[in-house]
Colleague: 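I'd like to ask some things about the structure below.
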Amino acid sequence: MRLLVRFLGFLFAAGTVLFLVGVAAVAGGIWHFSKDLPDYSQLQDYEPPVMTRVHAVDGSLLGEYAKERRLYLPIQAVPKLVINAFLAAEDKNFYEHGGIDYQGMARAAMLYAQNYGSNRRPQGASTITQQVAKNFLLTNEVSFSRKIKEALLAMRIERAYSKDRILELYLNEIYLGLGAYGIAAASLVYFDKSVNELTIAEASYLAALPKAPAALHPVRNHDRAIERRNYVIDRLLENGWIKQADADKARKEPLSVTNRSNGAHTFAGEYFAEEVRRDIFERYGEKKLYEGGLSVRTTLDPKIQVMARKTMAAGLVNYDEAQGWRGAMQKLDVSGDWGVKLAEVKSLSDVTPWRLAVVLESGDQSARIGFQPGRELGGAVSKERQTGIITIEGVRWARSKGKTPTAVSQVLQPGDVIYADPLVTKEGTAVEGQYRLRQLPEISGAMIAMDPWTGRVLAMVGGFSFDQSQFNRATQAYRQPGSSFKPIVYASALDNGYTPSSIVVDGPIEIDQGQGAGVWRPENFSTGKYYGPTSLRNALTHSLNTVTVRLAQDVGMPLIGEYAKRFGVYDELPNYLSYALGAGETTVMRMVTAYSMFANGGRRVKPTLIDRIQDRYGHTIYKHDARECRGCDAPGGWKNQSEPQLIDRREQVLDPMTAYQITSMMEGVVQRGTATVMRDVGKPLAGKTGTTNDAKDLWFVGFSPDLVVGLYLGYDKPRSLGRTAQAGRTAAPIARDFMKLALADKPPTPFKVPAGIKLIRVDAKSGVRAGPGGGGNTILEAFKPGTAPPEYTPSVPVADAEGRAPQPSQSQSQQPDSGSFLRPFGLY
């Protein structure tokens, strides 16, 4: 008995010692692993990388930019269904345990033992809190030390933060495949839905992804993805979070994924979106752009953008097709499965409705073509094959060496890789199953549409295809504007003593360029004809070069250079008279901005593609409209106070009366001059064409009272567009087609006449005041105070021998203090 007592005492002592040693070992282990644990307090102020989203004016998504596609969603905004799905899949006891789920660990161990050797997926034992510790503070190293640190951190995190905060961090941080981080981004990427729109099956699939998103790919591993999704549905049912009928329905639902691109989401807005991306990058840097979660509201009007894209592309294609057929893009062997071979050919994604195709058979009356098959989400070539027919009507335009084809086989041969789009009748209806041959145009160009009052860019076309070339010709291509620069020259003259009725000689002129450069003899573009004494209005209407050169001689190129700089067309304009004819280089953006200042009465305009930028918290960090709004804030609500007022402190770069005069003169260009095709729009318009030497660039810039459009056409490596090419026949019709669409629902609003302008009827040819009763060809001309022509006399004023306008009498001239709007420059 005594021996038994001693033995029991020994066992107790030994057990006590072992217990104390174990406690000491555990304590030592905890101390050892705790001494270098990461600081979990950083979770309090954690700001995950969030994608920047760019929107058009109507709120539609234009683009997303991120290294990790993530949208941060507060836990209060996460639907209960989505929360339950993730808890069912990852940690059903999340709201009961203190960071470590001992029951779950035991259950996982037992299941692992039962299923050992069965190749079944083992059930994990990490809680959501442990996953937060690992994802935020540790590495993915597979080791006992990492698991111990993970458990210790989980317990500390549970004591420091609420369950909802921990779950919020988890749901926004986890990687869910296809580049999506967090449930908000994953919902968009996989299903193109917000989390509030997810079905039980969709939420269950997302909840199945955290453990192995690549292994549960919806296409490559479709069956396994369905199995894991249904497992989550079963756990939802088992936990009582959904009903049996709902579970049965969810299991039968197909796993249908709608992959969402992270490029430009508004059709035809790729050039605009890229320009915005560059702007944000320059303002805030790479980290803010790709991780800052900015919300950018741009100025892009999707409807106007589509109109601009449609008309500009049509203009480029029409010109290119008029030059004839250049041949197939490349050749393919069409024996066997031609679809797989064609799928490897790079096609342009932004030339809808054009489709890449290969010619399968060709005959006299038709050719059978096969279209490029699409690719599934996993990258595999679709098994579906689509074909169509190109008839003789579809290749009628494809002349070769000036000859119109009489058989389709003269143009297309089996194996030719081409583009085709549906054949449309003259009535505008598509002929089923029949297609038209297309070719990518060699010529390019750019177009911009702008609000002249604010400088907001409503539409931008930087070329035929962004996929083909990301070079934005609207902002990056420096081209000669030709005669579209002349309104700057004429505005300089009108602002400094001239009137629209001033007379300058249109006749041959020789300019000694000095220093062995020879003699320059500018000529009028169209016919080389000269009209003798001509009013400034008629000279601009018919784009007379010799008048413009004489005017620039008299006004002085330094003064014209100052105006060009103030309008933003050039930074510095050399003092050569050829630059008065548009020999310098500038961009479409700059020209449209300059014309906006004519349209708005001479106010400084700063072009912008961005209205407002907000940070991830909704605070506005940039706003384009800097005007002060007095009375916009109404404390206590509306109490019959005065209406708010916008205070515009922008610089007045041109006398408003001068701005109206040059606008009126450019209305004449549309009504009687080089841009008469614009009359078809049926609305008050002003504008100017521009054709450079050898017709290397064709321009048109014009405007209504509330919309400015500018465009050019030309080869990227400048060369002549042809001996007969003129801006009025090629560029202006594109602007006409655009303005017809853009102004279709707008009333025919006339240009506003500023205070002080006097409208006096004059003879359209001579510019002298019309006689009693008018008669003949007369127009209403705009004059500033004190500059109107004298009362009617039968004589016609003529220029002097140098081609300068006659000086008005003292009674007709402006007062000395008001003669020049450029007094701030010190130039008189």
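Everything numeric here is computed off the predicted structure, so don't read it as measured data. Just so it is clear, the values below take in all heavy atoms, side chains as well, and ignore hydrogens, waters and symmetry mates.
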Colleague: Taking all non-hydrogen atoms of both residues into account, name the closest pair between Gly455 and Val605 and its distance.
Modeller: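 Taking every non-hydrogen atom into account, CA-CG1, 3.4 Å.
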Colleague: Taking all non-hydrogen atoms of both residues into account, name the closest pair between Ala599 and Val708 and its distance.
Modeller: CB-CG2, 4.4 Å
Colleague: Could you go through Leu609 and Met589, starting from their C-alpha distance and side-chain angles, then the distance that decides it, and tell me whether this counts as side chain to side chain contact (heavy atoms under 4.5 Å, CB included)?
Modeller: CA-CA 11 Å; Leu609 280 68; Met589 178 72 86; 3.9 Å; yes
Colleague: Counting neighbours of OH on Tyr576 that are heavy atoms of other residues, nucleotides or ligands and sit closer than 6.0 Å, is the number greater than 12?
Modeller: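 Result for OH/Tyr576: open.
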Colleague: For the atom pair CG (Asp680) and NZ (Lys740), what is the distance rounded to the nearest 0.5 Å?
Modeller: 5.0 Å
Colleague: Are the side chain of Tyr498 and the backbone N or O of Ile503 linked by a donor-acceptor pair below 3.5 Å?
Modeller: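 Not confirmed, Tyr498 side chain does not pair with Ile503 backbone.
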Colleague: Verify, without hydrogens or angle tests, whether Gln480 (side chain) and Ala583 (backbone) share a donor-acceptor contact under 3.5 angstrom.
Modeller: yes
Colleague: Any non-hydrogen side-chain atom of Ile443 less than 4.5 Å from a side-chain atom of Gln323?
Modeller: no
Colleague: Could you tell me whether the side chain of Gln661 reaches within less than 4.5 Å of the side chain of Glu781, counting heavy atoms only?
Modeller: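 They are not in side-chain contact.
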Colleague: Only one of Ile304, Leu711, Val461 clears side chain to side chain contact (heavy atoms under 4.5 Å, CB included) with Phe738; which?
Modeller: Ile304
Colleague: Evaluate the salt bridge (charged side-chain N to carboxylate O under 4.0 Å, His left out) criterion for residues Glu321 and Arg438: first the C-alpha distance (whole Å), next the side-chain angles of each, then the deciding distance (0.1 Å), finally the verdict.
Modeller: CA-CA 8 Å; Glu321 289 186 353; Arg438 293 293 191 179; 3.0 Å; yes
Colleague: Taking atom types as modelled, find out whether Thr429 and Glu427 have a side-chain donor-acceptor pair closer than 3.5 angstrom.
Modeller: no
Colleague: Check step by step if side chain to side chain contact (heavy atoms under 4.5 Å, CB included) holds for Arg326 and Glu442.
Modeller: CA-CA 10 Å; Arg326 294 190 301 276; Glu442 283 188 327; 3.4 Å; yes
Colleague: Taking Arg355 for the side chain and Ala420 for the main chain, is one N or O donor matched with an acceptor at less than 3.5 Å?
Modeller: no
Colleague: Hey, does the side chain of Thr534 reach the backbone of Gly532 with a donor-acceptor pair shorter than 3.5 angstrom?
Modeller: yes
Colleague: Which atoms form the tightest heavy-atom contact between Ser409 and Ser362, and what is the distance?
Modeller: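 Closest approach of Ser409 to Ser362, heavy atoms only: CA-OG, 3.3 Å.
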Colleague: Side chain of Thr691, backbone of Ala727: donor and acceptor closer than 3.5 Å?
Modeller: yes
Colleague: Taking the side chain as everything from C-beta on, heavy atoms only, tell me whether Asn524 gets closer than 4.5 Å to Lys529.
Modeller: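 Asn524 does not reach Lys529 side chain to side chain.
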Colleague: In this structure, which one of Ile390, Val395, Asp416 forms a side chain to side chain contact (heavy atoms under 4.5 Å, CB included) with Val411?
Modeller: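 Filter result, single survivor: Val395.
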Colleague: To the nearest 0.5 Å, what is the distance between CZ (Arg566) and OG (Ser492)?
Modeller: 10.5 Å
Colleague: Is it true that atom NZ of Lys746 has more than 12 heavy atoms of other residues, nucleotides or ligands lying nearer than 6.0 Å?
Modeller: no
Colleague: Quick one: closest heavy-atom pair of Leu300 and Ala459, and the distance?
Modeller: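 Shortest heavy-atom contact: CD1-CA, 4.2 Å.
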Colleague: For atom CZ of Arg729, decide whether the heavy atoms of other residues, nucleotides or ligands shown that lie under 6.0 angstrom number more than 12.
Modeller: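 For Arg729, atom CZ is not crowded (no more than 12 foreign heavy atoms under 6.0 Å).
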Colleague: Walk me through it: do Ser484 and Met591 pass the test side chain to side chain contact (heavy atoms under 4.5 Å, CB included)?
Modeller: CA-CA 8 Å; Ser484 64; Met591 289 298 293; 3.5 Å; yes
Colleague: Classify the ring geometry between Tyr531 and His542 as parallel (under 30°), tilted (30 to 60°) or perpendicular (over 60°).
Modeller: parallel
Colleague: Can you tell me how the ring of Phe598 sits relative to the ring of Tyr595, calling it parallel under 30°, perpendicular over 60° and tilted otherwise?
Modeller: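 Correct class here is perpendicular.
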Colleague: Are the ring centres of Phe703 and Phe751 closer than 6.0 Å?
Modeller: yes
Colleague: Can you tell me if Arg537 and Ser664 form a side-chain donor-acceptor pair at under 3.5 Å?
Modeller: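 Present: a donor and an acceptor within the cut-off.
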Colleague: If you measure from the Lys or Arg side-chain nitrogens to the Asp or Glu carboxylate oxygens, is any gap between Asp571 and Lys565 under 4.0 Å?
Modeller: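 Looking at Lys565 together with Asp571, the answer is no, because their closest N to O distance does not fall below 4.0 Å.
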Colleague: Without swapping roles, check the side chain of Asp763 against the backbone of Val768 for a donor-acceptor pair under 3.5 Å.
Modeller: no
Colleague: Testing the basics here: between Ile418 and Ile369, what is the closest heavy-atom pair and its distance to 0.1 Å?
Modeller: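 In this case the closest contact between Ile418 and Ile369 is CD1-CG2, 4.2 Å.
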Colleague: Does NZ in Lys403 sit with more than 12 non-hydrogen atoms of other residues, nucleotides or ligands closer than 6.0 Å?
Modeller: no
Colleague: Name all residues meeting the ring pair (Phe, Tyr, Trp, His ring centres under 6.0 Å) criterion together with Tyr712; count only those two or more places apart in sequence or in a different chain, and write none if there are none.
Modeller: Trp699
Colleague: Salt bridge (charged side-chain N to carboxylate O under 4.0 Å, His left out), that's the test. Do Asp716 and Arg473 meet it? Break it down for me.
Modeller: CA-CA 9 Å; Asp716 284 343; Arg473 296 157 188 83; 2.9 Å; yes
Colleague: Quick one: does Ile511's side chain get under 4.5 Å of Gln553's, heavy atoms only?
Modeller: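 Yes. Closest side-chain heavy atoms under 4.5 Å.
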Colleague: With side chains defined as the heavy atoms from C-beta onward, is the minimum distance between Val505 and Tyr530 less than 4.5 Å?
Modeller: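 No, every pair of side-chain atoms sits at 4.5 Å or beyond.
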Colleague: I'd like to know if the side chain of Tyr419 pairs up with that of Ser347 as donor and acceptor (distance under 3.5 Å, no hydrogens or angles considered).
Modeller: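 Side chains of Tyr419 and Ser347: no pair found under 3.5 Å.
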Colleague: What's the separation between atom CG in Asp320 and atom CG in Leu713, rounded to the nearest 0.5 Å?
Modeller: 11.0 Å
Colleague: Evaluate the side-chain proximity of Val555 to Val489: yes if any heavy-atom separation is below 4.5 Å, no if none is.
Modeller: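 In short, these two side chains do not touch, never coming nearer than 4.5 Å.
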Colleague: Tell me whether Gln365 contacts the main-chain N or O of Ile392 through its side chain, where contact means a donor paired with an acceptor under 3.5 Å.
Modeller: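 Side chain of Gln365 to backbone of Ile392, a donor-acceptor pair under 3.5 Å: no, none is there.
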Colleague: Under 4.0 Å between a Lys/Arg side-chain N and an Asp/Glu carboxylate O for Lys683 and Asp706?
Modeller: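 Salt bridge flag = no for Asp706 with Lys683.
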Colleague: Do side-chain atoms of Ser366 reach the backbone of Ile389 as a donor and acceptor pair under 3.5 angstrom?
Modeller: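 Here the side-chain-to-backbone pair does not exist.
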Colleague: Going through the checks in order, is the side chain to side chain contact (heavy atoms under 4.5 Å, CB included) test met by Leu348 and Leu440?
Modeller: CA-CA 10 Å; Leu348 304 180; Leu440 298 176; 3.8 Å; yes
Colleague: Is it true that Glu274 and Asn472 share a donor-acceptor pair across their side chains at a distance under 3.5 Å?
Modeller: no
Colleague: Is the ring pair Trp354/Phe464 parallel, tilted or perpendicular, if the boundaries are 30 and 60 degrees?
Modeller: tilted
Colleague: Let me confirm one number: the CG-CE distance from Leu707 to Met739, rounded to the nearest 0.5 Å.
Modeller: 4.5 Å
Colleague: Side-chain contact, heavy-atom cut-off 4.5 Å: Phe567 with Leu654?
Modeller: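 Side-chain contact under 4.5 Å: yes.
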Colleague: Could you tell me the separation between the CG atom of Asp350 and the CD atom of Glu270, rounded to the nearest 0.5 Å?
Modeller: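 Between Asp350 CG and Glu270 CD, I get 5.0 Å after rounding to 0.5 Å.
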Colleague: At their closest point, which heavy atom of Trp325 faces which heavy atom of Ala398, and how far apart are they?
Modeller: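 Reported closest heavy-atom pair: CB-CB, 3.6 Å.
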Colleague: Between Lys310 and Asp737, does any NZ, NE, NH1 or NH2 come within less than 4.0 Å of an OD or OE carboxylate oxygen?
Modeller: no
Colleague: Ring centres of Phe371 and Tyr435 under 6.0 Å apart?
Modeller: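 Distance test on ring centres: under 6.0 Å, yes.
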Colleague: Judged by modelled atom types alone, do Ser483 and Ser543 share a side-chain donor-acceptor pair under 3.5 Å?
Modeller: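 Checked: Ser483/Ser543 side chains pair up, N/O donor to acceptor below 3.5 Å.
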Colleague: How long is the gap from OG1 on Thr548 to CG on Leu577, to the nearest 0.5 Å?
Modeller: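 Here the rounded value is 11.0 Å.
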Colleague: Can you find a pair of side-chain heavy atoms, one from Ile734 and one from Phe700, that are under 4.5 Å apart?
Modeller: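 Side-chain contact under 4.5 Å: no.
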Colleague: Check this for me, if you would: do Arg436 and Glu393 make a salt bridge, where the nitrogen-to-carboxylate-oxygen distance has to be below 4.0 angstrom?
Modeller: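 Glu393 and Arg436: not salt-bridged.
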